[in-house]
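Following: one structure in structure tokens, then a few remarks.
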Amino acid sequence: MDQTWTIGMNLPGLSDGQADVVLSRITQMAAAIQIVMIIVGILVCLFGLKLVRVLSVLAGLVIGSGVGTGAALGLGFSGTMIPVTILICTIVTAVLCGGVRKLGIFFVVFLYTFGIGGSLLLPGVRELTALGIILGISLAAALLMAILAMIRPEPIVVVVTGISGGLSVGTSAAAVLGIGGNLLVGYGISAAAALIGIWIQFMMQSRTIGKNERVYAKRMKDQVSRESEVEKARKILEEEEEEEESPKKGKTAFASAEEDEEDDDITIISEDL
């Protein structure tokens, strides 16, 4: 805020009254932007894993616009072909990141990790050599974390979004409170917000896993119960079939005994004759 006031005081071609109006509007806009950053930071910090699809689409928009710009300039396009190329690449990349979950997570983790590295290491840097080294370190860390996110996406996304959202909340809150120049206070607020956000996200993730396990266990229990009922029904049918077959066997044996007696009677009569 103080920097904005200093810049406004030196605006050329403006009277004191006009400068005050301009400064007032700039201050209001800056405060509104900081408040929005706090709200967005809280959402990312607390619900980063839940909002990973939305974040994937946003990451696709950023990556796609960069790829489109590079392609348009590299291929030497001019005129309307430049915005058309950028638009096509942006839309295609955003759709791919939103549809392919792992691809979206890769770009989300990459961009957020790169932003974290820049936020932590860039303040106070004055030399170009140090700037290049820091950007290289941030890029390498972002690529490493993005690759790890392909192996274990949930914990990596939780940690990265928690830290990134915490940094956004801390730095923006410090600016709104007028203590943005004190980095220790901003980082302290950021660390507290990040820890709380990561803890809440892991709690929600564990509840989701527990709920899925209960649903799976109930489904397996129902399946085993159905199988046992089918087995019981099969046994009952087999017992009924055996009971039906046993009287038939008894009747057959009785009929055979009667036929033998009749044969004996016929034999005796024939011998008497």
Side-chain angles (χ1 to χ4, degrees), residues 29 31-70 83 85-120 138-139 141-173 175-176 189-212 215:
M29 290 178 60
I33 292 172
Q34 297 295 342
I35 292 172
V36 170
M37 292 297 295
I38 292 173
I39 296 172
V40 172
I42 291 173
L43 292 175
V44 173
C45 185
L46 298 179
F47 307 103
L49 187 59
K50 299 289 185 182
L51 299 174
V52 70
R53 290 286 185 184
V54 178
L55 298 178
S56 297
V57 174
L58 296 176
L61 293 174
V62 175
I63 297 295
S65 61
V67 171
T69 302
T85 303
I86 296 173
L87 181 63
I88 292 174
C89 291
T90 302
I91 293 174
V92 171
T93 308
V95 171
L96 287 175
C97 290
V100 183
R101 187 171 183 269
K102 284 194 173 183
L103 181 63
I105 288 175
F106 180 89
F107 286 126
V108 167
V109 173
F110 180 85
L111 290 178
Y112 274 92
T113 305
F114 186 78
I116 291 169
S119 299
L120 294 176
S138 301
L139 184 63
L143 185 59
L144 177 61
M145 294 297 292
I147 293 172
L148 291 176
M150 298 294 96
I151 303 172
R152 296 294 300 276
E154 285 80 10
I156 298 297
V157 170
V158 168
V159 172
V160 171
T161 55
I163 295 174
S164 178
L167 281 172
S168 178
V169 171
T171 54
S172 299
V176 170
I189 299 173
S190 300
L195 290 175
I196 294 172
I198 291 171
W199 178 73
I200 292 176
Q201 287 199 66
F202 274 124
M203 290 291 293
M204 290 191 294
Q205 180 65 10
S206 63
R207 289 181 181 177
T208 302
I209 293 172
K211 183 179 179 181
N212 293 335
V215 171

Under 3.5 Å, which donor-acceptor pairs link side chains of residues 161-170 to any protein atom two or more places apart or in another chain?
unit_1	atom_1	unit_2	atom_2	d
Thr161	OG1	Val157	O	2.5
Thr161	OG1	Val158	O	3.3
Thr161	OG1	Gln201	NE2	3.3
Ser168	OG	Met37	O	3.0

Identify every side-chain donor-acceptor pair in residues 53-63 under 3.5 Å, counting partners at least two apart or on other chains, and give the distances.
unit_1	atom_1	unit_2	atom_2	d
Arg53	NH1	Gly98	O	2.8
Ser56	OG	Val52	O	2.6

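Distance CG/Leu49 to CD1/Ile105: 7.5 Å, rounded to 0.5 Å. Interatomic distance, Ile86 CD1 to Ser65 OG, rounded to the nearest 0.5 Å: 7.5 Å. Rounded to the nearest 0.5 Å, atoms CD1 (Ile156) and CD1 (Ile147) are 11.5 Å apart. Distance check, rounded to the nearest 0.5 Å: CD1 of Ile198 to CE of Met203 gives 14.5 Å.
Residue pairs satisfying the salt bridge (charged side-chain N to carboxylate O under 4.0 Å, His left out) criterion with at least one member in residues 55-67, sequence neighbours excluded, are absent. For residues 156-173, no residue pair satisfies the salt bridge (charged side-chain N to carboxylate O under 4.0 Å, His left out) rule, not counting sequence neighbours. Listed by first then second residue, pairs satisfying salt bridge (charged side-chain N to carboxylate O under 4.0 Å, His left out) with a partner in residues 149-172 read Arg101-Glu154, not counting sequence neighbours. Residue pairs meeting the salt bridge (charged side-chain N to carboxylate O under 4.0 Å, His left out) criterion with at least one member in residues 197-206: none, sequence neighbours excluded.
The one candidate from Ile38, Val40, Ile39 that meets the side chain to side chain contact (heavy atoms under 4.5 Å, CB included) condition with Val36 is Val40.
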Test log, rule side chain to side chain contact (heavy atoms under 4.5 Å, CB included), inputs Phe47 and Met204 = CA-CA 9 Å; Phe47 307 103; Met204 290 191 294; 3.9 Å; yes

Determine, step by step, whether Leu46 and Trp199 satisfy the side chain to side chain contact (heavy atoms under 4.5 Å, CB included) criterion, reporting the C-alpha distance in whole Å, the side-chain angles of both residues, the deciding distance to 0.1 Å, and the verdict.
-> CA-CA 9 Å; Leu46 298 179; Trp199 178 73; over 6 Å; no

Full working for side chain to side chain contact (heavy atoms under 4.5 Å, CB included) between Leu139 and Phe110 | CA-CA 8 Å; Leu139 184 63; Phe110 180 85; 3.4 Å; yes

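In this view, Ile91 and Leu87, Val95 satisfy the side chain to side chain contact (heavy atoms under 4.5 Å, CB included) rule, not counting sequence neighbours. Applying the side chain to side chain contact (heavy atoms under 4.5 Å, CB included) criterion to Leu195, with sequence neighbours excluded, gives no partner residue. When the side chain to side chain contact (heavy atoms under 4.5 Å, CB included) test is applied to Ala194, no partner is found at least two apart in sequence or on another chain. Partners of Ile88 according to the side chain to side chain contact (heavy atoms under 4.5 Å, CB included) rule, which considers only residues two or more places apart in sequence or in another chain, are Val84, Val92.
Panel note: side chain Thr113, backbone Ala142; no donor-acceptor pair is recorded below 3.5 Å.
Phe202 is listed as a side-chain neighbour of Pro155, based on a closest heavy-atom distance under 4.5 Å.
Within 6.0 Å of CE in Met29 there are 12 or fewer heavy atoms belonging to other residues, nucleotides or ligands.
The two residues Cys89 and Gly64 have their closest heavy-atom pair at CB-O, 3.5 Å.
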